[in-house]
Amino acid sequence: MFWYHSTTKHSYNSVRTNPNRLSWDDQPSTYKNYPERYEKRKLDLDKAEDNFLYSIAGLTAKKSYPSGEYYLRINPSAGALYPNELYFQARGVEGIEDGVYHYEVSSSSLTLLQHITDKEGIEPYFGYKTAMKGYLFLVSAVYYRSSWKYKNRALRYCLLDGGHLLGSIEAAALLKPHAVEMVYNIDKEKLNRMFGFEDREWFLSGCSMAVPMQDQEVSAIEFSLPYVDGSRTFEPNPLIEQAYNETMQLESCKREVKAAKFTYNTTKLQETLFTRRSQRGFQEGAITKGQFNYIMEAIHQPVLSDCDEDVSVYVVVNRVLDMPLGLYKEGEYMKYGDFARKAGYLSLEQYSLSMQGAVAFFLTSKAKNYQALYQKAGIIGHRLYVASLYMGIGCSGIGAYYDDEVNTFVENDEMVLYALAIGK
């Protein structure tokens with residue numbers, strides 16, 4: 001998979017010789033809406049389960065620009081393009097009829113796509129032999145929403161944003177509370193066909209928030225949904241399609257059986273989720289060592305998953321009270337120095353973020369399972385958002401950076417997955 005990663009690297013020269021020129025007439029829609037013939041139910045936020053689902057991907061604010069109105073969501077997305085869609089099976093959930101649903105963001109509604117029975121469901125596509133009480137989530141990507149702007153590099157953003165959506169499920173589940181397990185080894189080929197995606201949308205992962213129902217075996221349900229457009233406009237990208245297909249199958253996966261342990265107050269956490277924003281810039285304010293340690297503990301919690309990949313977290317400390325300036329790896333001091341300007345340069349010269357922020361993060365890995373790996377990076381990024389904002393600190397994800405120069409700076413030859421910055 002290194003061929004795709006190498007092909008989509010940024011360098012100082014590449015961003016100047018190959019600038020993105022956007023065709024605004026081709027700008028894709030960020031919403032997928034099934035036709036009215038499907039049964040739909042608007043969420044009632046006074047009901048616990050509806051409120052929980054809204055806490056995953058609901059609309060939280062509207063911004064008006066000359067080009068139109070834009071709605072922000074609980075989950076962040078590169079360029080506010082929101083390439084991911086959320087589907088789920090509910091079984092034995094109070095107030096929700098057993099079935100397979102699509103979460104319709106634009107209207108905050110649940111669209112019933114397929115009824116299920118006691119003996120049939122999507123459990124076998126997750127590898128389960130028994131019926132599972134609760135939610136089985138599916139995260140997909142409508143890739144042209146991202147490739148319209150980010151071209152060949154868009155698969156990276158689809159996966160990172162997919163990880164953020166998984167992280168949003170994880171965070172919302174803390175309100176119940178309930179452990180969630182990331183399930184990457186789902187039958188993507190079969191599910192893509194059943195949901196009628198026609199290579200314009202793909203499943204990336206699943207997430208289980210359910211428990212086995214004793215002595216209730218279940219067989220794989222089969223259905224065939226007609227194609228429903230999720231982007232309005234579309235232009236195929238053979239390189240992205242090849243990369244997705246080549247990384248669909250997972251190999252030699254390591255299961256993570258430990259669950260994360262967070263220390264959030266539920267009321268304050270819910271306020272944090274609903275007021276999340278990506279910081280556009282920082283004012284060079286410092287954070288405390290206590291805040292820094294709290295955030296680091298949160299992002300290093302295990303991610304319960306059927307395919308856990310190792311991710312290295314490099315930290316550039318710019319302004320943390322009572323902490324030496326410099327580069328750290330996994331909490332260990334690597335080298336001393338004021339690297340604020342360097343971090344800003346490496347983040348595609350976004351100096352208002354990585355230079356003026358209190359801390360800059362670079363995530364790297366040499367793991368092989370590309371889709372699971374990148375989504376884990378997104379989950380870590382989402383944890384960083386939640387923990388930082390919970391502490392009253394701003395956060396911004398940065399998907400663009402000078403790949404090879406980051407490697408030189410952190411002194412490794414791993415794939416660079418993600419950059420982020422936090423601060424005031």
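Counting from 1, the numbers follow the sequence of the chain as shown.
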Novice: May I ask you to test the I74-S168 pair for a side-chain heavy-atom distance under 4.5 Å?
Specialist: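 The answer is yes, as the side chains (C-beta and beyond) meet within the 4.5 Å cut-off.
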Novice: Taking R232 for the side chain and Q27 for the main chain, is one N or O donor matched with an acceptor at less than 3.5 Å?
Specialist: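 It does hold such a pair.
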Novice: Indicate whether any N or O donor in one side chain lies under 3.5 Å from an N or O acceptor in the other, for S312 and N412.
Specialist: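 N412 and S312 do not have a side-chain donor-acceptor pair below 3.5 Å.
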Novice: Go through the steps for E123 and F126 under the test side-chain contact (heavy atoms from CB on, under 4.5 Å), then give the verdict.
Specialist: CA-CA 5 Å; E123 285 91 343; F126 279 66; 5.7 Å; no
Novice: Assess the residue pair L348 and Y401 against the criterion (side-chain contact (heavy atoms from CB on, under 4.5 Å)); give the C-alpha distance rounded to whole Å, side-chain angles, the decisive distance to 0.1 Å, and a yes or no.
Specialist: CA-CA 5 Å; L348 232 60; Y401 36 78; 5.5 Å; no
Novice: For A421 and F282, work out which heavy atoms get closest and say how close.
Specialist: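 Heavy atoms of A421 and F282 come nearest at O-CZ, 3.6 Å.
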Novice: Quick one: do the S208 and E181 side chains pair a donor with an acceptor below 3.5 Å?
Specialist: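 There is no such pair between these side chains.
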Novice: For K258, does the NZ atom have more than 12 heavy-atom neighbours from other residues, nucleotides or ligands under 6.0 Å away?
Specialist: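 No, not enclosed.
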Novice: Looking at every heavy atom in both G163 and I379, which two are closest together, and how far apart are they?
Specialist: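 In terms of heavy atoms, the two residues are closest at O-CG1, 3.4 Å.
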Novice: Tell me, please, whether Y12 has R16 positioned over its six-membered ring: NZ or CZ under 6.0 Å from the ring centre and within 45 degrees of its axis?
Specialist: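 Yes, R16 sits over the ring of Y12.
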Novice: Is it true that the side chains of H164 and Y385 contain a donor and an acceptor less than 3.5 Å apart?
Specialist: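 Y385 and H164 do not have a side-chain donor-acceptor pair below 3.5 Å.
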Novice: When rounded to the nearest 0.5 angstrom, what is the spacing between OG in S23 and CD in E235?
Specialist: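 Going from OG on S23 over to CD on E235, the span is 9.0 Å.
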Novice: What I want to check is whether the side chains of N84 and S140 have a donor and an acceptor closer together than 3.5 Å.
Specialist: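 No, no side-chain donor-acceptor contact under 3.5 Å.
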Novice: Taking the six-membered ring where the residue is Trp, are the ring centres of Y31 and Y82 under 6.0 Å apart?
Specialist: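 Distance test on ring centres: not under 6.0 Å, no.
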Novice: For the aromatic rings, using the six-membered ring if either is Trp, is the centroid distance between H102 and F195 under 6.0 Å?
Specialist: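 Distance test on ring centres: not under 6.0 Å, no.
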Novice: Rounded to the nearest 0.5 Å, how far does CG of N152 lie from NZ of K9?
Specialist: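 Those atoms lie 15.0 Å apart.
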Novice: What's the shortest heavy-atom distance between R37 and P226, and which atoms?
Specialist: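 Closest approach of R37 to P226, heavy atoms only: NH2-CG, 3.8 Å.
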Novice: Thinking salt bridges, do K424 and E284 make one under a 4.0 Å N-O criterion?
Specialist: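 The answer is no: the pair does not qualify as a salt bridge.
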Novice: With a 3.5 Å distance limit and no angle check, can you tell me whether D338 reaches the backbone of A340 through a side-chain donor-acceptor pair?
Specialist: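 Yes; judged by distance alone, with no hydrogens or angles, the pair exists.
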Novice: Short question: side chain of S347, backbone of G344 - any donor-acceptor pair under 3.5 Å?
Specialist: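 No, S347 side chain to G344 backbone: no donor-acceptor pair under 3.5 Å.
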Novice: Taking all non-hydrogen atoms of both residues into account, name the closest pair between Y333 and P324 and its distance.
Specialist: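 So the minimum-distance heavy-atom pair works out to OH-CB, 3.8 Å.
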Novice: Determine whether the aromatic ring centres of residues Y345 and Y402 are separated by less than 6.0 angstrom.
Specialist: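 Yes, the ring centres sit under 6.0 Å apart.
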Novice: Measuring only between side-chain heavy atoms, which start at C-beta, is H300 closer than 4.5 Å to E330?
Specialist: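 A side-chain contact exists here, since the closest heavy-atom pair is under 4.5 Å.
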Novice: Would a distance-only check, ignoring hydrogens and angles, find a side-chain to backbone donor-acceptor pair under 3.5 Å from Y418 to I380?
Specialist: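 Absent.
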Novice: Please find the pair of heavy atoms, one from M296 and one from V315, that lie closest to each other, and give the distance.
Specialist: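 Heavy atoms only, the tightest pair is CE-CG2, 3.8 Å.
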Novice: Name the orientation class of the two ring planes belonging to Y143 and W202 (parallel below 30°, tilted from 30 to 60°, perpendicular beyond 60°).
Specialist: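 Correct class here is parallel.
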Novice: Might you confirm whether atom NZ of K335 has over 12 heavy atoms from other residues, nucleotides or ligands at distances under 6.0 Å?
Specialist: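 Check passes, neighbour count above 12.
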Novice: Return yes when atom NZ of K366 has more than 12 non-hydrogen atoms of other residues, nucleotides or ligands closer than 6.0 Å, and no otherwise.
Specialist: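 For K366, atom NZ is not crowded (no more than 12 foreign heavy atoms under 6.0 Å).
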Novice: For F203 together with Y87, are the ring centres under 6.0 Å from each other?
Specialist: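 When the ring centroids of Y87 and F203 are compared, they turn out to be within the sub-6.0 Å range.
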Novice: Considering only heavy atoms from C-beta outward, does the side chain of V416 approach that of L363 to under 4.5 Å?
Specialist: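 Side-chain contact under 4.5 Å: no.
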Novice: Return the minimal non-hydrogen interatomic distance between P35 and V228, and the atom names on each side.
Specialist: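 Closest heavy-atom pair between P35 and V228: CD-CG2, 4.0 Å.
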Novice: Under 3.5 Å, side chain of Y4 to main-chain N/O of L155, donor-acceptor pair present?
Specialist: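 It does hold such a pair.
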Novice: Please report the interatomic distance CD(Q279) to OG(S352), rounded to the nearest 0.5 Å.
Specialist: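 Q279 atom CD to S352 atom OG measures 9.5 Å (nearest 0.5 Å).
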Novice: Measuring from atom CG of L250 to atom CG of L373, what distance do you get when rounded to the nearest 0.5 angstrom?
Specialist: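 Answer for the CG-CG pair, L250 versus L373, is 11.0 Å.
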Novice: Can you classify the ring geometry of Y54 versus F274 as parallel (below 30°), tilted (30 to 60°) or perpendicular (above 60°)?
Specialist: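 Answer is parallel, since the angle falls under 30°.
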Novice: Which class fits the ring pair Y157 and Y150: parallel under 30°, tilted 30 to 60°, perpendicular over 60°?
Specialist: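 Aromatic pair Y157/Y150 classed parallel.
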Novice: Under 3.5 Å, is there a donor-acceptor pair linking the side chains of N51 and Q270?
Specialist: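 Yes, side-chain donor-acceptor contact under 3.5 Å.
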Novice: Mind checking whether Y135 and F88 have parallel, tilted or perpendicular rings, split at 30° and 60°?
Specialist: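 Taking F88 first and then Y135, their aromatic rings stand perpendicular (interplane angle over 60°).
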Novice: Do F409 and Y314 have their ring centres less than 6.0 Å from each other?
Specialist: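 Aromatic pair excluded; centres sit 6.0 Å or further apart.
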Novice: Is a donor on one side and an acceptor on the other found under 3.5 Å between the side chain of S29 and the backbone of S231?
Specialist: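 A pair under 3.5 Å: no.
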Novice: Show, in sequence, the C-alpha distance, side-chain angles and deciding distance for K254 and E309, and conclude whether the salt bridge (charged side-chain N to carboxylate O under 4.0 Å, His left out) test is met.
Specialist: CA-CA 7 Å; K254 175 184 68 175; E309 296 287 34; over 6 Å; no
Novice: For the side chain of R41 and the backbone of T111, is there at least one donor-acceptor N/O pair under 3.5 Å apart?
Specialist: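 A pair under 3.5 Å: no.
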Novice: Should L204 and Y374 count as side-chain neighbours, where that means a heavy-atom distance under 4.5 Å?
Specialist: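 L204 does not reach Y374 side chain to side chain.
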Novice: State the CD1-CG distance between I398 and L160, to the nearest 0.5 angstrom.
Specialist: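 Here the rounded value is 12.0 Å.
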Novice: Does the side chain of D26 pick up a donor-acceptor pair with the side chain of T233 at under 3.5 Å?
Specialist: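 No pair is found: no donor N or O on one side chain lies under 3.5 Å from an acceptor on the other.
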Novice: Will you find, in the side chains of Q375 and Q371, an N or O donor that is under 3.5 Å from an N or O acceptor?
Specialist: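 Side-chain D/A pair, Q375 to Q371: absent.
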Novice: Between K368 and E251, does any side-chain N to carboxylate O distance fall below 4.0 Å?
Specialist: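 No.
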Novice: Can a salt bridge be assigned to the pair R383 and E170 using a cut-off of 4.0 Å between side-chain N and carboxylate O?
Specialist: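 Yes, R383 and E170 are salt-bridged.
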Novice: Can any side-chain N or O of K42 pair as donor or acceptor with the backbone N or O of S108 at less than 3.5 Å?
Specialist: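 Absent.
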Novice: In terms of side-chain geometry, is the basic nitrogen of E104 or K32 positioned less than 4.0 Å from the acidic oxygen of its partner?
Specialist: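 K32 and E104: not salt-bridged.
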Novice: Is there a donor in the side chain of E414 and an acceptor in the side chain of T364, or the other way round, less than 3.5 Å apart?
Specialist: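 Yes, T364 and E414 have a side-chain donor paired with an acceptor closer than 3.5 Å.
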Novice: Take R153 and H10, measure what side-chain contact (heavy atoms from CB on, under 4.5 Å) needs, and give me the verdict at the end.
Specialist: CA-CA 9 Å; R153 197 176 170 97; H10 281 319; 3.4 Å; yes
Novice: Would you check, one step at a time, whether the test side-chain contact (heavy atoms from CB on, under 4.5 Å) holds for R200 with E241?
Specialist: CA-CA 9 Å; R200 296 190 178 195; E241 293 178 7; over 6 Å; no
Novice: Specify whether Y144 and F234 have parallel, tilted or perpendicular ring planes, treating 30° as the upper limit for parallel and 60° as the lower limit for perpendicular.
Specialist: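 The arrangement is perpendicular - the two ring planes meet at more than 60°.
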Novice: With a 4.0 Å cut-off on N to O distance, would you call D308 and R255 a salt bridge?
Specialist: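 Looking at R255 together with D308, the answer is no, because their closest N to O distance does not fall below 4.0 Å.
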Novice: Would you say the side-chain atoms of D187 pair up with the backbone N or O of Y125, donor to acceptor, closer than 3.5 Å?
Specialist: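 No.
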Novice: Do we see a donor-acceptor contact under 3.5 Å between the side chains of Y38 and K40?
Specialist: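 Y38 vs K40: no donor-acceptor pair found between side chains.
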Novice: Inspect the contact between D161 and R156 and indicate whether a charged nitrogen and a carboxylate oxygen are less than 4.0 angstrom apart.
Specialist: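 Looking at D161 together with R156, the answer is no, because their closest N to O distance does not fall below 4.0 Å.
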Novice: Test your reading of the model: is there a side-chain donor-acceptor pair from N369 to the backbone of A372, 3.5 Å cut-off?
Specialist: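 Such a contact is absent between N369 side chain and A372 backbone.
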Novice: Is it the case that K176 places NZ or CZ above or below the six-membered ring of F52, under 6.0 angstrom from the centre and within 45 degrees of the axis?
Specialist: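 Yes.
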Novice: Got a second to check how far L175's CG is from T267's OG1, nearest 0.5 Å?
Specialist: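 It comes to 9.0 Å.
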